[in-house]
Enquirer: 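Here it is: the structure, laid out below.
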There are 2 protein chains.
Amino acid sequence: MGTATIRDVAKQARVSLKTVSRVINREGSVRDETRERVLRAIEQLGYRPDLSARSLRSAKAYAIGLVYDNPNPYYIIAVQQGALAACREMGFGLQIHPCNSRAPKLAEELRDLVHRSRLAGLVLAPPMSERMGLLRELAAYDIPLVRIISAAEDPRDGFPCVFVDDRDAAYAITAYLIQLGHVRIGFLWGGKQHRSSPERYKGYEKALHDYGVPMSEELVLEGDYSFDDGFRGARRLLGLAEPPTAIFGSNDEIAAGVLAAARAAGLHVPYDLSVAGFEDSPFSRHSWPSLTTSRQRTEVIAEHATRLLIAEIHGDDVKNEGFSPELVVRGSTAPPRPRP
Amino acid sequence: MGTATIRDVAKQARVSLKTVSRVINREGSVRDETRERVLRAIEQLGYRPDLSARSLRSAKAYAIGLVYDNPNPYYIIAVQQGALAACREMGFGLQIHPCNSRAPKLAEELRDLVHRSRLAGLVLAPPMSERMGLLRELAAYDIPLVRIISAAEDPRDGFPCVFVDDRDAAYAITAYLIQLGHVRIGFLWGGKQHRSSPERYKGYEKALHDYGVPMSEELVLEGDYSFDDGFRGARRLLGLAEPPTAIFGSNDEIAAGVLAAARAAGLHVPYDLSVAGFEDSPFSRHSWPSLTTSRQRTEVIAEHATRLLIAEIHGDDVKNEGFSPELVVRGSTAPPRPRP
DNA sequence: ATGCAAATTGACAACGTTGTCATGCATGAC
DNA sequence: GTCATGCATGACAACGTTGTCAATTTGCAT
């Protein structure tokens with residue numbers, strides 16, 4: 001028994017190929033009795049339409065691509081799951097495409113991907129989603145796309161997107177630390193190629209400003225969303241003449257590095273030092289103490305982005321959507337120890 | 001400019017469709033000068049063969065499926081990367097297919113997937129890879145497959161696989177703990193639907209036996225590869241009249257739960273309690289103290305499995321391959337504190 | 001019954017590619 | 001010069017599906 005084709009179904013149901021096609025595609029104009037017969041034949045033969053043939057003939061595509069270059073497995077898995085959920089619901093396939101965001105001919109690479117695999121469009125995750133040059137090139141190739149980006153508000157730049165308000169979320173974390181009584185709050189940057197990094201920094205800066213907390217250059221260090229940068233950064237901050245009483249790492253991995261550095265310096269978190277992360281990764285729940293952080297519902301965001309893309313493909317006009325991460329208070333933050 | 005087709009290339013190079021096809025597929029029997037001309041046309045037009053049309057016509061498939069149901073993002077991302085590396089090298093596409101391993105009609109679901117998407121075969125990750133019933137059903141459907149499984153030796157059951165010797169690795173960890181001087185070593189099981197769980201348990205048991213360490217039922221608890229189970233299990237073990245001096249969690253997530261429980265009980269790891277995990281996840285590197293664990297080169301294993309599948313598809317006869325994880329000693333293990 | 005619009009159905013071509021087979025041409029042995 | 005040989009090339013069909021359009025049937029008002 002090879003695979004049943006539409007031809008086998010047609011023969012079994014004693015109708016033409018086209019009628020079977022109509023039933024499959026819910027085109028209407030098929031008598032109930034005929035439809036029944038066809039459906040029964042499909043059932044009996046275990047027939048499933050061949051996606052290659054289908055998209056070849058109809059010039060429609062039944063799969064979309066998910067493009068990312070992000071070393072964070074938790075983030076990527078969540079994005080994949082969200083995208084898959086939307087795809088399955090809408091009858092689309094999903095082609096994952098991890099890539100190097102610094103690749104010189106990324107636009108060509110993606111165009112080839114889209115053409116070769118007949119993709120209907122692309123969902124772009126950060127940092128690809130934030131390269132205007134790339135977006136314009138893809139647009140020039142007429143490739144439908146949706147971005148997941150970091151932005152405080154709808155960019156209204158013509159490229160559909162789902163935007164996550166990292167700035168606001170970082171503001172909330174910083175404000176929370178200030179309300180606990182901290183005035184010397186260290187900030188460790190994420191990677192510069194991610195738009196989320198300056199956004200998070202801006203949130204930090206704005207909270208300090210709004211609450212009248214003096215800004216201190218020496219408390220802000222660059223980095224790259226990595227454990228090691230968190231460790232090194234924290235060590236440097238803790239070695240200052242007047243060290244911070246709290247450190248805000250731009251993501252949970254940085255915060256993990258901060259926890260380790262604090263430990264190595266013999267400090268007790270949160271009594272000697274408060275630590276906050278960003279992301280609500282499993283690490284933040286499983287570390288000791290567990291991390292105060294910011295929860296972004298990545299899966300929901302990705303699912304929404306995918307739905308948006310599919311709507312765009314169907315020609316509906318789509319409205320960008322914003323999401324705000326939510327403060328999650330756990331055990332790594334406390335009021336500062338009174339100065340001796 | 002729409003997408004260039006083979007027809008455009010043929011026209012531009014002033015040859016027939018078939019000749020272009022021959023050049024693309026390296027079929028030989030094309031004069032160098034002609035080939036040059038065709039390649040130049042391909043280059044100029046940015047032509048890329050359409051995978052749908054290609055596989056439709058040739059009845060060959062140019063993509064394989066990766067099937068998993070595993071809640072561990074680090075593991076899955078590593079598997080994906082390994083599989084993708086092999087696929088890209090061999091010119092195949094990769095279709096990911098997360099699924100529910102308990103789904104009642106999984107075999108049918110996978111068959112439909114293979115047929116609809118014209119997949120050349122499947123790479124099965126645990127626990128799907130360890131369901132003999134499922135394997136037999138898929139074999140009955142003539143679906144080529146390769147498994148990634150947990151086994152101490154080549155199962156020689158006719159289904160090609162890459163096997164990972166969890167037993168040996170668990171033996172190494174347990175032996176290491178014994179050599180440090182531990183004689184009461186707790187063991188927390190992983191999920192029963194994963195073959196790796198009993199394998200790891202057997203390694204633990206065998207090490208105790210080989211070193212003449214008495215086995216104690218009360219030190220062994222069931223669980224499910226989760227942080228919470230690790231936490232609960234450790235709490236129970238630490239509440240025993242004669243608690244263990246070391247706890248071996250069947251994976252890093254369990255071990256993370258153990259670390260948290262130890263912390264909650266006011267114990268210092270590793271001085272009051274040694275903890276070992278399994279997996280070498282980033283958590284094990286980033287926790288404090290960092291975890292003694294077992295490193296399985298998941299990416300390499302998955303890449304190898306994928307290569308095996310592709311060889312199988314090409315009709316080569318394939319030889320199963322075994323991998324042994326490697327002990328990674330970090331800060332969570334130390335000699336037991338002398339009994340007071 | 002009759003006519004006519006609407007609903008239902010089918011024949012055929014086409015999507016972009018490769019497999020099969022036939023053809024043309026140069027090469028070298030006789 | 002003739003013939004087999006093999007290489008290089010092309011014409012055409014086919015893969016499984018859907019779009020187009022025409023043919024047929026149905027339903028309904030007359």
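Note that the structure is a prediction, hence the values are computed from the model and not measured.
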Enquirer: If you only use heavy atoms from C-beta on, which nucleotide in D/dT18, C/dG19, C/dT17 is closest to the side chain of A/K18?
Expert: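 The nucleotide sitting nearest to the side chain is D/dT18.
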
Enquirer: Grab the CZ-C1' distance between B/R54 and C/dG16 for me, whole Å please.
Expert: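 Rounding to the nearest Å, CZ of B/R54 and C1' of C/dG16 are 11 Å apart.
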
Enquirer: What I'd like to find out is whether the side chain of A/I6 reaches to under 4.5 Å of the side chain of A/I24, using heavy atoms alone.
Expert: yes

Enquirer: Are OP1 or OP2 of D/dT9 and a side-chain N or O of B/T34 less than 4.0 angstrom apart?
Expert: yes

Enquirer: If only side-chain N and O atoms of B/S21 are considered, is one of them under 4.0 Å from the OP1 or OP2 phosphate oxygen of C/dT18?
Expert: yes

Enquirer: Whether the side chain of A/R35 engages the backbone of A/V30 through a donor-acceptor N/O pair (distance < 3.5 Å, no angle test) should be reported.
Expert: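 Yes, the answer is positive, given that a donor and an acceptor are paired below the 3.5 Å cut-off.
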
Enquirer: Write down the distance between CD1 (A/I24) and C1' (C/dT9), rounded to a whole number of angstrom.
Expert: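 Distance, rounded to whole Å: 15 Å.
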
Enquirer: Would you say A/T5 places a side-chain N or O within less than 4.0 Å of OP1 or OP2 belonging to D/dG16?
Expert: no

Enquirer: Hey, does the side chain of B/K60 come within less than 4.0 Å of D/dC15's phosphate (OP1/OP2), counting only N and O?
Expert: no

Enquirer: Can you measure B/D50 atom CG to D/dC15 atom P for me and round it to whole angstrom units?
Expert: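 Answer to the nearest Å: 18 Å.
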
Enquirer: Heavy-atom nearest nucleotide on DNA chain C for B/E27 versus B/L56: which residue maps closer to 5'?
Expert: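 First, find each residue's nearest nucleotide; the 5'-ward one identifies B/L56.
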
Enquirer: Among C/dG10, D/dT18, D/dG10, which nucleotide sits nearest the side chain of A/T19?
Expert: C/dG10

Enquirer: Would you mind reading off the distance between B/I6 atom CD1 and D/dC15 atom C1', rounded to a whole angstrom?
Expert: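 These atoms are roughly 15 Å apart.
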
Enquirer: Give a yes/no on whether any side-chain N or O of A/S16 is located under 4.0 angstrom from OP1 or OP2 of C/dG10.
Expert: yes

Enquirer: Between B/S129 and B/I148, what is the shortest heavy-atom contact and its length?
Expert: OG-O, 2.7 Å

Enquirer: Using atom CG of B/L45 as one end and atom C1' of C/dG16 as the other, report the distance to the nearest whole Å.
Expert: 15 Å

Enquirer: Rounded to whole angstrom units, what separation is found between the CD atom of A/E33 and the P atom of D/dT25?
Expert: 15 Å

Enquirer: Heavy atoms from C-beta onward define the side chain here; which of C/dT18, D/dA8, D/dT18 lies closest to that of B/S29?
Expert: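 When the side chain of B/S29 is considered, D/dA8 is the closest of C/dT18, D/dA8, D/dT18.
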
Enquirer: C/dT18 phosphate, OP1 or OP2: any side-chain N/O from B/Y62 under 4.0 angstrom?
Expert: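 Result: no.
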
Enquirer: Crowded around A/R7 CZ? As in, over 12 foreign heavy atoms under 6.0 Å?
Expert: no

Enquirer: Please report the distance, rounded to the nearest Å, between CG in A/N25 and C1' in D/dT17.
Expert: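 Value for this atom pair: 9 Å.
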
Enquirer: Looking at every strand, decide which applies to A/R116 at a 4.0 Å heavy-atom threshold: base, sugar-phosphate, or nothing.
Expert: nothing

Enquirer: Could you check how far CG of A/D32 sits from P of D/dT25, rounded to whole Å?
Expert: 20 Å

Enquirer: Which atom pair, heavy atoms only, marks the closest approach of B/A125 to B/Y68?
Expert: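 Between these two residues, the closest heavy atoms are CB-CB, 3.9 Å.
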
Enquirer: Does the side chain of A/R7 get closer than 4.0 angstrom to OP1 or OP2 of D/dG16 through an N or O atom?
Expert: no

Enquirer: Heavy atoms from C-beta onward define the side chain here; which of D/dG19, D/dG10, C/dT18 lies closest to that of B/L17?
Expert: C/dT18

Enquirer: If a pair satisfies salt bridge (Lys or Arg N to Asp or Glu O under 4.0 Å) and one of its residues is in residues 50-61 of chain B, list it, with sequence neighbours excluded.
Expert: A/R118-B/D50

Enquirer: Do A/R22 and C/dG10 share a donor-acceptor pair, side chain to base, under 3.5 Å?
Expert: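 A donor-acceptor contact between them is present.
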
Enquirer: Nearest to the side chain of B/R57, heavy atoms from C-beta on, is which of C/dT9, D/dA14, D/dG10?
Expert: D/dA14

Enquirer: Given D/dT9, C/dT17, C/dT8, which nucleotide is nearest the side-chain atoms of B/R31?
Expert: D/dT9

